[in-house]
Amino acid sequence: MEKAQEWINYGIELAKEFGPKLLTAILIYIVGSWIIKKVLKALTKVFNKTKYDESLQKFLLNLTSWALKIFLIIIVISRLGVDVTTFAAVIAAAGLAIGLALQGSLSNFAGGVLIMIFKPYKIGDLIEAQGVLGAVKEIEIFTTKLVTPQNKLAIVPNGAMANGNIVNYTAEGLMRVDLTVGIGYGEDIKKAKDTLLEILMNDPKVLKEPAPSVNVSNLGDSSVDLAVRPFCRPEDYWDVYFSSLENCKTALDKAGIEIPYPHSVEIHKQG
């Protein structure tokens, strides 16, 4: 009984000594978290009013959120009675080990900063990088999120993005769809070109400027190959891709022009 009473008394003493500190620390954390949410919400409103770039806006909000949360944790720890200078010394001593362990993350963070500075792409751009083709959904501190044409989410590290090749199909404001259509050697080339140009000019999603073109690109073994080149906005690429391919085939059939064999279709940026 005496031993139990000693433990109870010890517990009461601890509660008296650390209880108020613990409750205060919890209260500081709750209030601090609430303040951080309000600060981030206010910053978002400011960014929206000043029309900040969406990519930079999200990056700065993420960075601010991390910084404020770290600052709040330091305050909570100091309120619990932990010597902040000692705590900082421990962090500094462990910094090298942490840095070595997080080399990839630090590289990705640096890559994110470089992307924000040089802006090789922004949210909404259609890009091709690290073997992935997709629209930029979000640029975070460590990664860039892309949505592929198959509606898959691809998450690519910013370190690789900043140090690798990036093809931005949206930067110039338009894209070119490259089609190759073969006609028989006995067919009228001018008639075929006029037929295909008419089809392209009547497509509302094909740009009138720069104008689409149809030219002889190759004399094959069994066909005269015509290079069909419509331009469109990046968001209309796939619609123009499919409609032009189908409409060209249908138009040539109606005009009685023979297509000896099918040809491939490729993506190209304006060049």
Side-chain angles (χ1 to χ4, degrees), residues 33 36-37 39-74 87-176 233-235 237-238 266-271:
S33 298
I36 289 173
K37 288 181 181 179
V39 169
L40 293 176
K41 189 174 181 180
L43 279 176
T44 301
K45 288 182 179 179
V46 171
F47 288 151
N48 290 336
K49 287 182 180 179
T50 54
K51 296 182 179 179
Y52 258 65
D53 177 76
E54 187 179 359
S55 305
L56 181 59
Q57 176 181 327
K58 290 189 175 182
F59 186 86
L60 290 176
L61 286 174
N62 282 333
L63 199 59
T64 303
S65 176
W66 277 93
L68 291 176
K69 286 176 180 177
I70 291 173
F71 182 66
L72 176 60
I73 290 172
I74 291 175
F87 182 69
V90 171
I91 292 178
L96 180 59
I98 293 173
L100 291 173
L102 299 178
Q103 280 185 26
S105 296
L106 294 175
S107 172
N108 292 333
F109 175 78
V113 173
L114 289 175
I115 290 170
M116 288 298 102
I117 294 174
F118 296 106
K119 296 183 179 179
Y121 56 83
K122 62 182 183 299
I123 291 176
D125 283 359
L126 177 65
I127 68 171
E128 185 174 359
Q130 300 301 309
V132 180
L133 172 69
V136 180
K137 180 181 180 181
E138 196 169 347
I139 304 172
E140 296 185 335
I141 294 176
F142 299 108
T143 61
T144 293
K145 294 182 178 179
L146 305 177
V147 178
T148 70
Q150 297 79 25
N151 204 36
K152 297 178 181 179
L153 179 64
I155 302 175
V156 186
N158 283 337
M161 295 292 281
N163 293 304
N165 295 328
I166 300 173
V167 180
N168 191 326
Y169 293 107
T170 306
E172 299 299 321
L174 55 86
M175 292 180 66
R176 189 180 76 192
R233 293 186 297 272
E235 60 269 25
Y237 176 82
W238 291 110
E266 300 175 351
I267 279 186
H268 286 283
K269 184 167 76 75
Q270 182 184 11

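Along the sequence shown, residues are numbered consecutively beginning with 1.
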Closest non-hydrogen contact found for Y169 with P234 is O-CG, 3.9 Å

Shortest non-hydrogen pair, I166 vs A129, comes out as CG1-CB, 4.1 Å

Practice task
Could you tell me whether a side-chain N or O of D125 sits under 3.5 Å from a main-chain N or O of A171, the two making a donor and an acceptor?
Solution key: no

d(I141 CD1, F109 CZ) to nearest 0.5 Å is 6.5 Å

Note: T64 and L43 closest approach over all heavy atoms is CG2-CD1, 3.8 Å

- Message: Main chain of T143, side chain of N108: is a donor-acceptor contact present, judged purely on distance under 3.5 Å?
- Response: no

side-chain hydrogen bond (donor to acceptor under 3.5 Å, both in side chains) filter on E235, not counting sequence neighbours, yields R233

Residues I155 and K145: closest non-hydrogen pair is CG1-CG, 4.1 Å

Look at the side chain of Q130 and the backbone N and O of V156, then say whether any donor-acceptor pair between them is shorter than 3.5 Å. no

With a 4.5 Å cut-off on side-chain heavy atoms, are L146 and V136 touching?
yes

Taken to the nearest 0.5 Å, the spacing of L68 CG from I73 CD1 works out to 11.5 Å

| message | Closer than 3.5 angstrom, by distance alone: can the side chain of N168 be matched with the main-chain N or O of P120 as a donor-acceptor pair? | response | yes

Can you find a heavy atom in the side chain of M161 that is under 4.5 Å from one in the side chain of I139? no

For E128 and L133 the tightest heavy-atom approach is CB-CD1, 4.0 Å

Tightest non-hydrogen contact, residues L126 and M175, listed as CD2-SD, 3.8 Å

Verdict with reasoning, Y121 to I115, per side chain to side chain contact (heavy atoms under 4.5 Å, CB included): CA-CA 8 Å; Y121 56 83; I115 290 170; 3.0 Å; yes

